[in-house]
Q: 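Just dropping this structure here.
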Amino acid sequence: MKRRPVTTLTNEIDAVLLAGRILMESGAEVFRIETTMNHIADALGIESFEVYVVNQGIIASGTNQLGYQEAKVMNVNETAIDLGKLEAVNTLSRSLSKQTKVTATEVLHQLTRINHQALYTVWAILAAYFLGAGGFSLALGSSFIDAFTAAIAGLLAGGFIQLASSKIHTRFLTTILASSIVSLSVNLFYFLGLGETRSIILLGALMIMIPGGFFVNAIREISQNHFTIGFTLLMSALMSCISISAGVAGTTELLPFADQMTKTFSAESVTYVDFLMRTLAAGVGTIAFSITYHVPKRYLLDIGMVSAVSWLLYMLVKENLALDIIAIFLPGLFVTLVSKILAARRKTPMTIFLSTSIFPLIPGLSFYRGIYFMLTGSNELAMTHLRTSFVTAFAITIAISIIQQIPLSLFKKRKK
């Protein structure tokens with residue numbers, strides 16, 4: 001088999017690998033990466049194409065139209081969820097499959113454009129941090145004054161994350177510092193009389209930092225027997241929660257006017273108005289959260305509605321049955337099923353809907369509280385929340401695994 005001269009800089013494998021790197025950096029699962037790369041390789045006329053995705057790397061090989069054998073390895077940077085780029089690459093691969101003549105130069109040009117696209121301005125993302133923190137605070141059962149305080153703290157943390165993203169290249173350090181900002185601002189506001197329940201203000205503000213996308217992708221990879229990448233993503237999500245706990249506990253310990261929390265706040269909804277308010281707030285908070293993940297605008301309303309209904313279902317089941325695993329399993333089943341239907345009907349990756357709509361159900365807050373209470377010496381509370389987080393993770397895993405067994409073709413529109 002002939003080999004292409006080393007001096008050739010632009011070739012078909014480069015284009016296919018760039019597509020894979022953008023997908024992996026944007027939070028796509030292994031199946032999505034491999035499938036899309038195979039589609040682009042077919043469009044470019046690469047024969048005997050093989051791809052192997054590992055943590056932080058992609059290996060690809062194949063034979064181009066001239067008969068040259070190509071094989072390359074590409075390192076992948078740290079993942080930063082960008083569902084807009086994920087959908088753009090998916091759309092590109094679909095369009096290429098319908099074209100009769102495709103060049104590597106053209107594909108590289110389009111992929112480069114996608115890699116530099118920005119769906120939202122910095123101001124829109126900052127507004128999303130504000131609305132997300134306030135919305136989730138209300139969804140958890142806080143008052144309006146607590147939600148407003150959480151929104152301000154979320155805005156401050158979000159502003160820091162935006163500034164630090166290009167200067168601090170260690171995500172865990174950024175998370176610790178951002179959670180410290182949340183702890184400092186919330187304790188200061190509470191000391192000044194702005195806010196009623198400090199713990200629920202903290203939870204609402206910290207929701208915007210919970211690594212929901214990593215957790216969902218970890219579950220999906222593990223359910224598809226991609227254990228190495230799945231457990232890597234899961235450990236990354238857990239380390240983020242540990243970083244949040246360390247930032248909050250450490251900052252609170254240093255403040256002379258703040259005490260460590262020794263009990264858990266739990267909101268009791270007793271009226272239909274409470275349920276309605278928390279349902280709408282969960283939808284608004286999830287839409288705001290989706291903006292920070294750069295979800296295209298045309299999907300935001302769908303995501304907000306699915307999230308709101310799932311949160312309402314969770315509250316109703318928990319209120320009437322008081323069973324954590326059922327209260328998570330049924331909404332998780334609903335979110336996964338609807339996400340698969342929407343993905344099939346909209347011809348877009350399921351990750352866009354699942355990674356965002358399921359966010360209120362993610363056990364990140366339970367794990368954060370478990371680690372926080374462990375660090376502050378409240379071992380009984382710590383074990384309670386750690387148990388809740390693992391039960392929640394198990395229920396979501398089973399729900400996603402069940403729906404993934406249903407063929408996607410059942411949900412597609414049939415041509416007349």
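This structure is a prediction, so every number in the text was calculated from the model and none was measured.
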Q: Tell me whether the count of non-hydrogen atoms from other residues, nucleotides or ligands lying under 6.0 Å of CE in M305 goes above 12.
A: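 Open.
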
Q: I'd like to check K340 versus L354 (side-chain heavy atoms, cut-off strictly below 4.5 Å). Are they in contact?
A: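 Sidechains of L354 and K340: no contact.
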
Q: State, yes or no, whether a side-chain contact exists between V16 and F49 at a heavy-atom distance under 4.5 Å.
A: yes

Q: Got more than 12 heavy atoms from elsewhere within 6.0 Å of CZ, F394?
A: no

Q: Where do R369 and T388 land on the side chain to side chain donor-acceptor pair (under 3.5 Å) test, with the steps shown first?
A: CA-CA 10 Å; R369 285 189 280 188; T388 300; over 6 Å; no

Q: Would T279 and M315 count as a side-chain contact (heavy atoms from CB on, under 4.5 Å) here? Give the steps.
A: CA-CA 9 Å; T279 298; M315 291 188 295; 3.6 Å; yes

Q: Taking side chain as C-beta onward, heavy atoms only, is L188 less than 4.5 Å from F257?
A: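 L188 vs F257: side chains touch.
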
Q: Fit a plane to each ring of H294 and Y120, take the angle between them on a 0 to 90° scale, and name the class: parallel (under 30°), tilted (30 to 60°) or perpendicular (over 60°).
A: tilted

Q: Between F289 and Y293, what is the ring plane arrangement, given parallel below 30°, perpendicular above 60°, and tilted in between?
A: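 Rings of F289 and Y293: tilted, as their planes differ by 30° to 60°.
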
Q: Crowded around M277 CE? As in, over 12 foreign heavy atoms under 6.0 Å?
A: no

Q: When you measure from the side chain of S185 to the backbone of V182, do you find a donor-acceptor pair of N or O atoms at a distance under 3.5 Å?
A: yes

Q: Please tell me if the side chains of F353 and T348 come closer than 4.5 Å, counting only heavy atoms from C-beta onward.
A: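 They are in side-chain contact.
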
Q: Could you tell me which residues satisfy ring pair (Phe, Tyr, Trp, His ring centres under 6.0 Å) with Y129, sequence neighbours excluded, listed by chain and number?
A: none

Q: Would you say the side chain of H116 lies within less than 4.5 Å of the side chain of T112, judging by non-hydrogen atoms?
A: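 Side-chain contact under 4.5 Å: yes.
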
Q: Determine, step by step, whether R171 and S236 satisfy the side-chain contact (heavy atoms from CB on, under 4.5 Å) criterion, reporting the C-alpha distance in whole Å, the side-chain angles of both residues, the deciding distance to 0.1 Å, and the verdict.
A: CA-CA 10 Å; R171 186 173 71 248; S236 179; 2.3 Å; yes

Q: Hey, does the side chain of Q260 reach the backbone of A249 with a donor-acceptor pair shorter than 3.5 angstrom?
A: yes

Q: Tell me, please, which residues at least two apart from R198 pass salt bridge (Lys or Arg N to Asp or Glu O under 4.0 Å).
A: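 Listed in chain order: nothing, the list is empty.
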
Q: Quick one: which residue pairs count as a side-chain hydrogen bond (donor to acceptor under 3.5 Å, both in side chains) with a foot in residues 25-36, not counting sequence neighbours?
A: E25-N77, E29-R220, E29-T351, R32-N90

Q: Can you pull the side-chain hydrogen bond (donor to acceptor under 3.5 Å, both in side chains) pairs that have at least one residue in residues 300-309, sequence neighbours excluded?
A: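 Applying side-chain hydrogen bond (donor to acceptor under 3.5 Å, both in side chains) to every pair that reaches into residues 300-309, excluding sequence neighbours, yields T286-S307, D302-R346.
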
Q: Among all residues two or more places apart in sequence or in another chain, which pass the ring pair (Phe, Tyr, Trp, His ring centres under 6.0 Å) test with F390?
A: none

Q: Measure the acute angle between the ring planes of Y368 and Y372, then classify it against the limits of 30° and 60° as parallel, tilted or perpendicular.
A: tilted

Q: Please check if atom CZ in F31 has more than 12 non-hydrogen atoms from other residues, nucleotides or ligands closer than 6.0 Å.
A: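 No, CZ of F31 has 12 or fewer neighbouring heavy atoms, counting only those of other groups under 6.0 Å.
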
Q: For the residue pair F367 and L386, establish whether any side-chain heavy-atom pair is separated by less than 4.5 Å.
A: yes

Q: Checking side-chain polar atoms at under 3.5 Å, does S240 have a donor or acceptor matched by the opposite partner on T175?
A: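 Not at all, the side chains of S240 and T175 share no donor-acceptor pair under 3.5 Å.
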
Q: Is there a side-chain contact between F329 and V317 in this structure, where contact means two heavy atoms from C-beta onward sitting under 4.5 Å apart?
A: no

Q: Which residues pass the side-chain contact (heavy atoms from CB on, under 4.5 Å) test with K347, not counting sequence neighbours?
A: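 With sequence neighbours excluded, K347 shows a side-chain contact (heavy atoms from CB on, under 4.5 Å) to R94, given in chain and number order.
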
